[in-house]
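A short worksheet on the structure shown next.
Computed over heavy atoms, backbone and side chain alike; hydrogens, waters and symmetry mates excluded. Below, chains carry the letters A, B, ... as their sequence lines are ordered, and counting in each starts from 1.
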Amino acid sequence: MGKTIKLISGDGEMFEVEEAVAFQSNIIKSLADEDNADDCIPLPRVDSQILSKVLEFCRKHANSPSVHTKFAAIPSELCPKHDGSAAGASSSESSSAHSETCRACYDAVMKLVQWDLEFVKVDLDLIHHLLKAANYLDIEDLMFMAVEGAANAIRGNNPEEIRKLFDLENDFTPEEEKEILKEYSWLDDPFEP
Amino acid sequence: MSTSWSEIPTDLLYLILSKLSIHDLFCSAAVCSHWSAVVDKVRRSPGDQLPQIPWLVPEEQFLINGKSNNRNNYNFFSLAEGRVYDIPSPSRILKDVVGSSHGWLITVSDVSVQLLNPITRAHINLPNLPTVDDRNLEAVKAVLSSDPSRGGDYFVAFVFFCPSTQKEFLFFVNAEDEKWKMITGGDYYYDDIAFHGRHKSKLYVVVGDDEHDEVMVVAYDLITPDSTLTSTPVVGLSDIISYFDIVWYFLCTSSDDDLLLTRIMTKKSKKNIYELEVWKIDTEKCVISTMNNLGEYTLFLSAASSLCIDTSSLPDLKSNSIYISIDLYSIGISENWIYSMEDERFTSLSLPALSYRKRRRRWRRPVLVWFAPSIALNADPIL
């Protein structure tokens with residue numbers, strides 16, 4: 001095991017993880033840089049249940065390219081097939097050309113995206129917590145997937161169904177509601193061909 | 001720690017709602033006042049808006065399934081959702097669609113020309129159709145240089161056909177102009193036109209002559225101090241195989257400002273789309289190069305409009321593909337295809353809402369136009 005980082009959740013639980021996992025969080029990374037190597041990093045705003053989910057995500061994403069674009073510009077050094085024989089592959093142009101043509105990299109990214117999508121197919125409460133944690137800890141990929149998870153919960157539902165899912169109240173006045181229905185009536189007006 | 005979604009910070013809700021397609025975004029606006037305000041914010045921030053997966057709309061006043069349209073509604077088929085939207089037209093007369101760009105339709109009815117944004121219902125009247133030597137002109141295709149709702153200048157360019165002389169002409173108009181200005185015409189045929197370039201005042205034109213021995217792409221800078229516009233040759237295409245007797249050209253610009261030219265060739269007797277090629281045109285170096293891979297892009301080609309969509313933020317849309325909806329009506333076919341650049345294969349694009357009903361009299365299948373709806377609202381909420 002390489003160098004590890006100790007994290008303390010809001011409810012006092014200690015998590016020890018590898019640097020590569022913890023440093024997915026830009027906040028943890030900058031705190032670790034400042035602090036003494038022996039100290040633990042306290043994360044008072046994240047409780048243990050959420051932190052353990054966050055770390056599960058980070059563990060999967062350590063040493064992987066970012067997946068928040070569908071095709072990541074994968075540097076050749078990370079390509080499972082090419083094994084770091086990355087002669088002259090440092091320019092972004094050759095990186096994207098590499099990922100366009102390298103099937104192995106493309107498959108790896110797609111697999112990771114699939115895992116991510118399953119990971120956020122959870123109840124909205126958990127997504128809410130993950131979203132807040134990802135925002136607070138500044139974890140780009142988790143942020144992206146939590147946003148995607150929330151957006152997925154909205155997709156294909158009408159306003160009433162969305163309100164039920166997210167436990168929101170309809171706080172429009174009757175006039176406002178009438179206006180809205182008028183403006184967007186074509187959205188759900190069933191059309192019989 | 002509160003888990004109530006009613007207390008979610010606005011900037012996080014903004015990130016979520018900006019990921020949604022038109023239908024879901026508008027449903028979200030009807031959820032509650034906070035969500036409505038955030039949707040409004042998304043609609044006024046063009047930089048954060050995702051591209052929309054295109055819809056199809058009939059060129060002429062037919063319903064999407066070929067029946068004649070007695071209502072005052074435009075019919076749109078949403079590719080992503082596989083359903084039809086029926087959107088009321090702001091005017092009493094339904095017009096023909098001759099082009100679509102930046103979320104607007106360019107429509108013509110009789111002699112009147114209009115820009116229409118079906119989503120916001122905004123419409124802009126343009127000058128009536130021009131004539132050449134007192135002869136009437138028919139609109140073939142039109143393009144718009146930028147979104148008028150963003151404020152600022154815009155150009156509209158048309159390819160016109162004169163039935164009595166069988167000649168084609170190019171005209172354009174600037175925002176607020178009262179008359180159409182002729183760019184050129186009478187000698188050549190204009191297979192396609194597109195605005196391109198940072199300043200969106202350069203019109204690129206695919207120009208051919210009668211025998212199609214030679215095809216050129218030329219540029220017209222519509223902001224010129226002189227009154228006459230001259231063409232700047234950009235590239236020429238050689239080797240048109242005369243074996244094919246129907247040739248289509250499609251010119252489109254990507255959001256990254258690449259100018260792409262697609263050529264589709266077929267033979268009347270074969271009744272099958274035969275060959276497709278894509279080129280990237282470097283307008284500064286005046287070089288044309290074959291594209292074997294579109295990367296993140298997917299093209300949507302139809303006679304009246306060609307779109308290039310960046311699929312990197314649209315996981316539901318296949319990249320490196322070309323969706324084609326063309327009318328080979330002259331030989332009895334209206335076809336919709338998906339071409340995979342990777343496999344170099346055409347597959348039929350099934351559009352479930354558009355099937356014929358064979359038991360009664362045959363209905364005409366309408367010629368379709370690709371249209372990418374835009375959620376954009378004017379950045380200034382006062383206007």
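When side chains are defined from C-beta on, B:W35 counts as touching A:L168, because their heavy atoms get closer than 4.5 Å. A heavy-atom distance below 4.5 Å is found between the side chains of A:M143 and B:L15. Residues B:Y14 and A:V147 fail the side-chain proximity criterion, which asks for heavy atoms closer than 4.5 Å. The closest side-chain heavy-atom distance from B:S36 to A:F172 is below 4.5 Å. Contact check for B:C27 versus A:I162: side-chain heavy atoms found under the 4.5 Å cut-off. B:W5 has its side chain within reach of A:L124: a pair of non-hydrogen atoms, C-beta onward, lies under 4.5 Å apart.
Listed by first and then second residue, the salt bridge (charged side-chain N to carboxylate O under 4.0 Å, His left out) pairs that reach into residues 142-162 of chain A are A:E148-A:R155, A:E148-B:K19, A:E160-A:R163, sequence neighbours excluded.
Between A:D171 and B:S33 the shortest heavy-atom distance is OD2-OG, 2.5 Å.
Contacts with chain B were tallied for A:N135, A:N157, A:L126; A:N135 has the most, counting heavy-atom pairs under 4.5 Å. Annotation: maximal heavy-atom pairing with chain A below 4.5 Å, among B:N73, B:D11, B:L20, occurs at B:L20.
B:S21 does not touch chain A: none of its heavy atoms, backbone or side chain, sits under 4.5 Å away. Contact of A:L181 with chain B is not made at all, since no heavy-atom distance falls under 4.5 Å. In this structure, no portion of B:L13 lies under 4.5 Å from any heavy atom of chain A.
Interatomic distance, A:F166 CZ to B:S4 OG, rounded to the nearest 0.5 Å: 11.5 Å.
Counting non-hydrogen atoms of other residues, nucleotides and ligands closer than 6.0 Å to NZ of A:K29 gives a total of 12 or fewer. For A:Q49, the CD atom counts as loosely surrounded, since its 6.0 Å shell holds 12 or fewer non-hydrogen atoms of other residues, nucleotides or ligands. A 6.0 Å sphere centred on CG of B:D48 holds more than 12 heavy atoms belonging to other residues, nucleotides or ligands.
Scored by the ring-ring contact (aromatic ring centres under 6.0 Å, His included) test, B:Y339 finds B:F346 as partners (sequence neighbours excluded).
Each of A:N152, A:I127, A:I154 was scored for a side-chain contact (heavy atoms from CB on, under 4.5 Å) with B:I16, with one residue passing: A:I154.
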